[in-house]
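Scroll down for the structure; my scribbles are underneath it.
This structure is a prediction, so every number in the text was calculated from the model and none was measured. Per chain, numbering begins at 1; letters A, B, ... match sequence-line order.
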Amino acid sequence: MSFISRPKVTHSSAPRNRLGLRKRDYEGGMSTLCAGCGHDSITAAFVQAFWELDVPPHQVAKMSGIGCSSKTPAYFLSQAHGINTVHGRMPSIATGANAAHGGLSYVGVSGDGDSLSIGLGQLAHAIRRNLNMLYVIENNGVYGLTKGQFSASADVGSKTKKGEANEQPPIDPVTFSINLGAPFVARSFSGDKAQLVPLIKAGLKHRGFALIDVLSPCVTFNDHEDSTKSYNYTRQFYHPAVHTDFVPPYERIELDDPKRDALRLELHDGTSLLLKEVGAGYDPTDRPVVLKYLDERKQLGEVVTGLLFVNREKPDLHARNGTTRTPLRDLEYAKLKPGAEILDKVMARYR
Amino acid sequence: MSFISRPKVTHSSAPRNRLGLRKRDYEGGMSTLCAGCGHDSITAAFVQAFWELDVPPHQVAKMSGIGCSSKTPAYFLSQAHGINTVHGRMPSIATGANAAHGGLSYVGVSGDGDSLSIGLGQLAHAIRRNLNMLYVIENNGVYGLTKGQFSASADVGSKTKKGEANEQPPIDPVTFSINLGAPFVARSFSGDKAQLVPLIKAGLKHRGFALIDVLSPCVTFNDHEDSTKSYNYTRQFYHPAVHTDFVPPYERIELDDPKRDALRLELHDGTSLLLKEVGAGYDPTDRPVVLKYLDERKQLGEVVTGLLFVNREKPDLHARNGTTRTPLRDLEYAKLKPGAEILDKVMARYR
Amino acid sequence: MINDFVIKIATVNGTGSASANTLLMKSIFRMGVPVVGKNFFPSNIQGLPTWYEIRVTKDAYLCRSGKVNVLVAMNAETYRQDLAEVAPGGFLIYDSTWPRDRELQRDDIRVLGIPLAQMCNETFSPARVRILMKNICYVGALAALLEIDLDVIEGLLKETFRDKQKLIDSNMQAVRMGYGYAIEHFDCPLPFHLEPMDKTAGHIMIDGNTAAGLGCVYAGATVGAWYPITPSTSLMDAFNAFCSRLRVDSESGERNYCIVQAEDELSAIGMVLGASWNGARSFTPTSGPGVSLMAEWIGYGYFTEIPAVIFDVQRVGPSTGMPTRTQQCDLYSCAYASHGDTKHPCLYPSDPKECFEMAPVAFDLAERLQTPVFVLSDLDIGMNDWMVPEFTWDETYEPDRGKVIRAEELEDGRSFQRYADVDGDGIPWRTLPGDHPAGSYFTRGSGHTAAAKYTEDADEYRKLVDRLARKWETAKDWVPGPVVDERQGLKYAVLAIGSSDGAVREARDKLAGQGVELNYLRVRAFPFSDEVSDFIDRHERVFVVEQNRDAQLRMMLITETGVSSEKLVSVRQYDGMPIESRTVVEAINAVIDNEVAA
Amino acid sequence: MINDFVIKIATVNGTGSASANTLLMKSIFRMGVPVVGKNFFPSNIQGLPTWYEIRVTKDAYLCRSGKVNVLVAMNAETYRQDLAEVAPGGFLIYDSTWPRDRELQRDDIRVLGIPLAQMCNETFSPARVRILMKNICYVGALAALLEIDLDVIEGLLKETFRDKQKLIDSNMQAVRMGYGYAIEHFDCPLPFHLEPMDKTAGHIMIDGNTAAGLGCVYAGATVGAWYPITPSTSLMDAFNAFCSRLRVDSESGERNYCIVQAEDELSAIGMVLGASWNGARSFTPTSGPGVSLMAEWIGYGYFTEIPAVIFDVQRVGPSTGMPTRTQQCDLYSCAYASHGDTKHPCLYPSDPKECFEMAPVAFDLAERLQTPVFVLSDLDIGMNDWMVPEFTWDETYEPDRGKVIRAEELEDGRSFQRYADVDGDGIPWRTLPGDHPAGSYFTRGSGHTAAAKYTEDADEYRKLVDRLARKWETAKDWVPGPVVDERQGLKYAVLAIGSSDGAVREARDKLAGQGVELNYLRVRAFPFSDEVSDFIDRHERVFVVEQNRDAQLRMMLITETGVSSEKLVSVRQYDGMPIESRTVVEAINAVIDNEVAA
Ligand SMILES: Cc1ncc(C[n+]2csc(CCOP(=O)(O)OP(=O)(O)O)c2C)c(N)n1
Ligand SMILES: Cc1ncc(C[n+]2csc(CCOP(=O)(O)OP(=O)(O)O)c2C)c(N)n1
Ligand code: SF4
Ligand code: SF4
Ligand SMILES: [Mg+2]
Ligand SMILES: [Mg+2]
């Protein structure tokens with residue numbers, strides 16, 4: 001479709017992307033999150049990534065569950081349709097929406113409570129179906145909106161504001177989703193825009209399920225010393241294994257000083273990903289090795305970030321279904337109804 | 001408790017265990033499954049294992065969801081309480097039952113549909129809580145009871161009776177549960193009683209969550225050539241990595257010819273597990289290596305069986321909660337009520 | 001006794017008797033004689049008792065008769081119980097390969113032994129074929145005993161096996177073997193037997209799930225999401241089968257539909273709402289437990305105003321209940337699904353034909369009203385073959401997609417507020433994702449303004465839910481009205497729902513025979529239109545016939561129409577067997593006798 | 001105006017005003033003057049408008065008054081709206097550190113500026129303390145304006161901070177700063193002010209969730225399972241806090257309880273059923289969306305006859321609705337939760353004291369009836385502090401665990417059939433896992449016989465569900481009866497439920513003042529006992545007061561008691577604000593005026 005809202009004020013000096021849109025055209029409503037909430041930084045990264053990717057805002061469908069994190073789709077891309085679903089069940093809405101129209105850009109935003117507690121089953125099955133979407137978990141180790149209970153990603157030893165310690169092992173969305181066959185799995189940190197924006201861009205361009213686990217401190221309930229999801233903790237144990245730079249085909253960025261050990265991954269749409277700092281021989285396509293590496297690092301208490309696993313060969317929902325190219329929702333009834341004559345033939349079997 | 005049903009006919013020649021019970025005292029109602037169903041073999045293995053372990057039948061609580069597999073708790077240990085829950089939600093019943101009384105032997109039986117589709121979230125969280133129970137998945141790759149639809153463990157390329165091929169990647173309960181931190185994970189095959197019975201015994205004795213994924217062909221809907229869960233397929237690609245022999249402390253079995261590379265694992269209750277055929281250096285306690293090994297084998301299309309992962313250090317639900325030793329359900333009210341005087345003190349705060 | 005009796009076949013499931021029974025029933029139907037077929041099967045896959053009951057009914061009744069005249073006892077395990085069920089003067093046929101216990105005899109019926117297994121073992125191999133042929137063999141015997149036309153049987157076999165001549169031959173061999181044995185050993189035909197009629201012309205034998213699946217294809221549904229559950233599974237199977245034939249692009253081989261097997265019912269309904277939000281016609285079939293699991297989502301659909309079509313093929317509740325038995329027990333759980341103030345339109349088909357016809361109606365309503373709509377079928381309708389008039393299709397039908405503003409209009413500057421009631425009917429306009437920036441809005445299950453903004457304001461909230469109440473009033477005018485059969489001046493009436501229809505029809509005939517005439521109204525939808533309350537008002541006493549313990553329909557009538565509860569007498573059968581006319585007749589007689597006596 | 005007015009404080013959430021507001025309210029309470037405190041907060045964590053309303057009510061009414069006399073406007077964003085809300089003759093206090101827009105003035109009220117921020121910035125540091133002290137400072141100013149006893153305030157601060165003298169000092173400094181400023185600049189006291197009374201003796205200020213949590217401790221509950229959801233979260237928080245003080249073995253440090261934070265509500269109720277099946281008293285607190293998610297399990301509990309206690313702290317529905325606003329909107333979804341024929345006992349506390357007292361009642365009922373029991377509180381009761389009589393405890397209370405056969409009796413040979421109605425009250429006996437081999441049985445949500453064996457038999461099924469219906473009749477006698485205030489001969493009556501009680505009480509006084517007297521019945525449980533229908537029968541017209549759109553209580557009364565629907569006039573407020581007496585008075589007057597006019 002070609003309905004792109006043209007900027008109304010043409011003399012503005014703000015930079016424009018290839019669609020002539022300014023960054024503010026990718027913004028949304030005012031955030032109602034706490035000042036300093038990590039989630040707001042991720043919102044900003046979304047704005048940046050969509051703007052840089054020259055995506056027509058209305059061709060995006062934003063989806064979320066319930067939680068502070070799940071409120072954020074209202075805070076970017078106000079020109080796109082958005083949907084706050086019920087708690088933990090956004091993946092099923094995403095699946096249905098995707099089935100109805102395979103051509104939009106689907107971006108899901110969720111929290112660790114929304115995705116790893118109530119929503120774990122739906123997340124797992126969306127991964128298994130390899131929905132074509134970007135799924136971002138804004139991970140703070142707590143239920144922010146209900147005032148700071150531990151989520152399933154709280155690390156052992158974390159303490160709540162009230163002083164209770166978590167003693168249950170965390171669920172790690174990264175290894176969880178690699179185990180279930182997600183073809184694009186990354187981790188980043190809400191405070192690291194330089195890493196996050198390219199990852200979001202890469203995830204959006206990836207054909208299939210792209211999951212980014214973004215550590216996103218809850219300043220109100222989980223940013224004190226005892227929390228392993230605090231800014232301090234995260235900064236200290238932050239371990240970027242891999243950096244990605246997203247390179248759209250029509251504007252191939254040549255790195256000033258391309259590193260020797262850089263690895264270029266070809267994506268479905270002809271674009272590619274450039275992995276940096278793979279020096280240690282990290283190959284995000286070798287699953288057994290990735291699994292071992294991540295488990296080892298985890299045991300050392302490190303938070304490995306970057307693009308951690310990629311598999312470009314997986315067919316998505318529609319590829320497996322062999323769906324027609326026209327979005328199903330736009331097929332004319334004439335194409336759908338068998339008609340009276342066929343009905344008569346069908347009846348024959350039951351006479 | 002000491003209420004053990006004494007055998008009524010004392011002159012029978014059938015062998016008795018240390019409680020004086022015969023195997024038939026561990027049996028249950030007549031199976032209503034299809035003749036040849038793999039699940040019935042697992043039922044027989046349960047009978048054997050409980051009998052061999054000298055467990056008083058009524059100290060067991062049997063639980064299941066819904067499905068052909070989930071019917072089987074009615075077919076063994078008729079002297080134990082049993083509960084068929086709703087579809088996919090047995091783990092929550094098990095959690096509550098366990099919370100109420102930590103001293104019984106909990107055995108859950110489920111199917112791949114019950115555990116990996118509708119029940120995936122509950123299974124994951126029961127693992128995370130490290131419930132003290134044995135959880136057996138009778139895995140046939142289909143929904144038997146609803147007539148043969150693919151389950152989430154159907155392998156890519158499997159075909160239903162109707163000829164439709166599955167194109168979605170399977171969820172492997174073994175790597176799934178290791179990923180989530182299950183401390184005892186094994187796989188076996190319904191037809192391999194020699195391997196299965198010791199695994200069940202070991203799982204029952206393990207303090208914490210013990211999961212056994214038992215391949216159990218559905219002869220009606222999934223035992224034809226195109227199925228990767230058929231008897232033929234399973235027998236062909238069957239790859240027992242590790243054999244276990246369970247050794248109760250009061251009757252330590254000395255192997256006739258103990259193998260050099262045998263590895264003895266000490267369990268919580270002082271008993272131990274003997275791992276055989278670990279020749280290739282397989283160490284079920286080294287998680288990163290186990291994950292890598294299993295993923296590699298999977299990519300080779302092999303079904304690795306045996307005791308695949310063990311971690312003896314994990315506290316279970318009650319250990320973490322610090323629950324009193326008397327089962328909560330048996331605490332007298334006198335121990336529970338604070339009384340009128342305390343209430344008056346409590347009131348002071350609200351005056 | 002001619003063309004008016006019941007045959008019941010007692011077998012074990014998984015032995016292939018189902019196809020033999022269908023062959024038998026269809027043969028009678030092809031002879032022009034109306035039939036009712038009911039399958040009573042266990043909730044397992046193989047080895048348990050199962051029964052198939054064929055009522056031969058020259059008067060074309062649609063319900064069970066409550067009697068068995070000819071019983072084919074193929075299951076030794078249930079022999080005693082089967083024997084007891086034959087009405088005096090009836091016949092019991094058994095496989096005399098194995099002798100029956102002497103005690104198991106009755107003087108008031110005739111027992112006919114046929115060595116079915118023996119004959120088949122001698123004739124066929126391997127074992128599997130022998131088992132299957134035993135079934136075909138009793139069909140042959142019945143053909144002789146009941147005078148079923150062998151040519152009709154052969155014709156049906158040919159249709160089934162097409163060019164597999166060998167199969168046709170071996171089956172016919174089995175038929176003839178049974179036929180020959182019966183002719184030779186018994187007085188054929190029995191007093192209960194068939195004579196060709198012409199009362200099935202223009203009719204078909206079809207089950208409601210197949211009909212509904214076909215209806216969804218014709219309604220233009222493109223996305224189906226489901227989780228298998230008895231007795232709804234065959235609905236999606238049918239949709240799938242029809243789509244694979246009728247909805248695949250002949251050139252590209254591409255599919256013009258997408259079916260997703262969900263991981264559970266919460267996910268299935270979520271997918272339906274997601275697809276509908278995105279503009280596709282989407283549906284899910286399920287049964288009671290599925291509806292319970294969908295409750296949160298249903299309320300979401302109601303409050304965010306997203307269309308959805310949910311087929312609830314009801315089975316016996318509560319909980320897992322009896323998955324292979326029938327009931328009309330989810331009236332409440334569907335109508336009021338979800339917490340908070342919620343109400344949902346429901347359609348109540350009474351037979352497979354209505355399942356077919358109500359599919360497009362359901363989709364039109366869901367999209368016009370922008371809300372989830374239930375179609376409440378049941379196991380009896382859904383899984384049994386019913387004799388119904390052939391389906392026809394009105395070529396002028398166009399799906400009514402409701403109030404949708406597409407890209408062109410938005411580009412032309414048409415203003416848009418997602419939740420504004422611009423037309424006064426309580427129904428707002430919607431837009432589709434991906435169409436146009438001016439159409440963008442945010443959908444949420446929390447409080448929202450007419451402009452779809454988040455709100456916690458008391459007035460905004462009240463405006464919103466009052467509009468939803470207004471929409472409910474609109475729905476009253478749009479749902480299918482009741483089917484009424486009324487003569488002026490009668491003081492008694494029957495009011496029924498769905499599959500209870502058949503029993504009511506026969507009961508009215510029987511009562512009329514006794515001189516008791518009753519008017520009749522069958523509700524076809526919730527909310528109830530004024531026609532329903534007016535009908536009740538016109539009568540002194542209305543018998544409300546339904547298949548659940550708690551008289552759910554009666555309760556809904558009382559609360560939603562304000563009619564006096566004293567007027568409504570409840571008539572219920574809720575034991576899992578399809579309701580019989582006897583239940584209705586006896587209940588009505590009891591009240592009327594009482595009133596006359598009083 | 002003395003001891004009879006409303007103070008409202010408009011702030012921003014997350015700024016620590018909550019504790020200042022509690023201090024204010026509690027001070028008035030300690031002066032012996034009855035208060036009503038209502039918190040209106042947004043569904044987010046920080047930075048959005050929030051209001052706290054304190055009604056000073058010498059007559060000890062329990063509801064909002066509907067008017068604001070003194071408004072403390074701390075939130076610039078809502079200043080305009082707050083200004084508009086002050087009743088003529090009232091006062092508005094604002095932080096004059098920043099000048100207010102000239103336009104934002106009113107002639108009919110007085111506006112008092114206090115430089116709160118400025119004073120605090122000059123006095124305190126760091127920034128966080130300044131923000132907090134600003135709140136304490138307005139408490140001081142109000143103390144001067146309303147004549148609140150400074151000693152009472154200091155006493156409360158001492159209780160809060162115990163031996164942290166520094167904190168006490170700095171808080172008192174802030175109080176005095178505000179106090180001093182007001183004394184110096186304004187005519188103190190305002191016409192609206194306080195005079196000590198003695199009407200709060202023997203009373204406490206407590207919220208319903210704390211009370212219910214405490215009630216669960218006293219009821220002997222040992223297993224709690226939950227998933228956080230507003231407004232129920234603080235119930236489990238309270239249970240947790242009380243248990244950690246009252247239920248830990250002083251010697252071993254071991255816990256005599258186990259709380260499990262579940263992964264969702266389906267799991268939470270599953271855990272409760274599992275624990276109850278295994279003999280523990282177990283419960284879960286939740287709100288509307290949770291109840292919807294629990295629907296399948298509730299039906300399972302009903303059909304398998306497992307006790308469970310579910311607290312539904314209701315919030316505004318449907319769907320996510322308004323999580324921080326109140327409603328009584330889950331009457332239907334609780335009473336009829338789950339597919340199939342199901343009904344569940346419900347208790348309806350009207351204030352925190354009943355939350356406390358009904359907890360043991362709920363557990364006793366659940367175990368005696370062997371079925372899930374709901375306690376329907378709401379956000380207003382659950383999260384606001386209410387003035388109620390102090391709780392007392394009857395030391396003779398012993399939990400009634402219902403019909404349980406333990407090991408000793410089984411060993412002695414007592415016979416046992418899990419689902420046999422040996423006592424004729426519809427309630428069978430149960431045994432506990434692990435006790436004795438003779439007690440073993442199999443629990444299943446599918447059809448079962450009296451001996452707990454699997455069945456698909458029509459008669460067995462009917463026997464089972466008919467017994468469950470009998471049990472329902474038993475429940476009618478066991479649930480708490482209504483609270484009735486009745487004088488003979490009155491033709492009008494009010495019938496209300498739960499937290500609507502306060503508004504009805506004040507409304508009755510007001511109407512009596514007009515010469516309209518009404519009898520009153522408050523239902524406290526479902527099923528409704530005969531007392532309820534008898535009461536309705538004795539009146540010509542009964543006003544049914546409730547807080548939901550669809551008149552759910554009225555509908556339940558009609559269907560379950562058979563009373564005529566014409567008699568029951570619906571009075572509803574459902575905008576999320578706690579119902580006011582005005583709503584009731586106006587609705588009743590409208591009808592009565594009309595009837596008089598007609
Ligand atoms: C069915 C249901 N249960 C519970 C809730 C209450 N609830 C709202 S948000 C939330 C947790 C959110 O946690 P997370 O997804 O981590 O988001 P965060 O606020 O931390 O960003 C819960 C439990 C709900 N809205 N719906
Ligand atoms: C809520 C709900 N949805 C669907 C069903 C129908 N159902 C019964 S068993 C089953 C699948 C069982 O599959 P699995 O667990 O693999 O067991 P199997 O029969 O293969 O041993 C389904 C979908 C149900 N009982 N409840
Ligand atoms: S509570 Fe935590 S997660 Fe929620 S908005 Fe505040 S900082 Fe962010
Ligand atoms: S259908 Fe399959 S799983 Fe079920 S009983 Fe038969 S063989 Fe077993
Ligand atoms: Mg979170
Ligand atoms: Mg299976």
Side-chain angles (χ1 to χ4, degrees), chain A residues 1 3-5 29 56-59 61 63 66 73-74 77-86 89 91-101 103-104 121-122 124-125 129 317-318 321-325 327-331 333 335-340 342-344 346-347 349-351, chain C residues 204-206 214 217-218 220 222-223 225 242 246-247 249 252-258 260 262-264 266-268 270-280 282 296-297 300 390-393 395 398-399 407 410-411 431-446 454:
Chain A
M1 282 276 172
F3 303 104
I4 296 158
S5 66
H58 75 281
Q59 303 244 311
M63 343 201 107
I66 301 280
L77 261 67
S78 57
Q79 292 178 32
H81 273 65
I83 183 165
N84 245 175
T85 68
V86 297
R89 321 286 177 187
S92 57
I93 287 284
T95 308
N98 213 306
H101 191 329
L104 303 182
Q122 290 218 344
H125 285 274
R129 282 182 199 103
L317 177 79
H318 283 296
N321 186 57
T323 322
T324 186
R325 222 138 292 226
L328 291 177
R329 74 129 194 249
D330 288 327
L331 284 172
Y333 183 57
K335 271 223 146 191
L336 300 174
K337 66 162 177 185
I342 297 277
L343 184 61
D344 194 56
V346 170
M347 287 298 99
R349 216 179 117 187
Y350 302 95
R351 269 173 203 137
Chain C
I204 52 172
M205 293 295 303
I206 197 168
L214 186 62
V217 175
Y218 274 82
T222 52
V223 177
F242 287 122
L246 306 173
R247 278 279 191 80
D249 194 287
S252 65
E254 287 173 352
R255 292 181 176 172
N256 288 332
Y257 66 101
C258 182
V260 187
E263 62 273 24
D264 64 11
L266 287 102
S267 183
M271 291 174 188
V272 169
L273 289 166
S276 301
W277 176 76
N278 213 350
S282 178
E296 190 193 17
W297 270 126
Y300 179 85
E390 282 182 13
F391 305 165
T392 54
W393 190 248
E395 288 286 12
E398 272 293 325
L410 291 163
E411 181 69 10
T431 57
L432 300 184
D435 259 14
H436 195 282
S440 72
Y441 71 95
F442 206 88
T443 307
R444 42 166 71 80
S446 43
Y454 182 81

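Taking the six-membered ring where the residue is Trp, A:H58 and C:H436 present tilted rings, their angle falling between 30° and 60°.
Closest non-hydrogen pair, C:Y218 versus A:G339, comes out as OH-O, 2.7 Å. A:L336 and C:R247 make their closest contact through O-NE, 2.8 Å (heavy atoms, listed as atom of the first residue, atom of the second, distance). Closest approach of A:A100 and C:A275 over heavy atoms only: CB-O, 3.6 Å. The nearest pair of heavy atoms linking C:C258 to A:L328 is CB-CD1, 3.6 Å.
Of the two parts of C:Y454, neither the backbone nor the side chain holds a non-hydrogen atom closer than 4.5 Å to a non-hydrogen atom of chain A. Contact annotation for A:L343: both backbone and side-chain heavy atoms come within less than 4.5 Å of a heavy atom of chain C. Only the side chain of A:R129 has a heavy atom closer than 4.5 Å to any heavy atom of chain C. The contact between A:L331 and chain C is made entirely by side chain atoms (from C-beta outward), counting heavy-atom distances below 4.5 Å. If you measure heavy-atom distances from C:V272 to chain A, you find no contacts under 4.5 Å at all. Of the atoms belonging to C:R444, heavy atoms from both backbone and side chain fall under 4.5 Å from chain A. For a residue to count as touching a neighbouring chain, one of its non-hydrogen atoms must lie under 4.5 Å from one of that chain's; by this rule C:L410 does not touch chain A. Contacts of C:D249 with chain A are made by side-chain atoms alone, with heavy-atom separations under 4.5 Å and no backbone atom involved. Both the backbone and the side chain of A:P73 have a heavy atom closer than 4.5 Å to some heavy atom of chain C. Using a 4.5 Å cut-off between heavy atoms, A:T85 contacts chain C through both its backbone and its side chain. The parts of A:A99 that come within reach of chain C are both its backbone and its side chain, each placing non-hydrogen atoms under 4.5 angstrom from that chain.
With C:S440 contributing its side chain and A:S78 its backbone, the two residues share a donor-acceptor pair below 3.5 Å. The main-chain N or O of C:P399 is never found under 3.5 Å from a side-chain atom of A:Y333 such that the two would form a donor-acceptor pair. A donor-acceptor pair under 3.5 Å links the side-chain atoms of A:N321 to the main chain of C:Y257, judged by distance alone.
Side-chain contact annotation: A:H81 with C:T443, donor-acceptor N/O pair under 3.5 Å absent.
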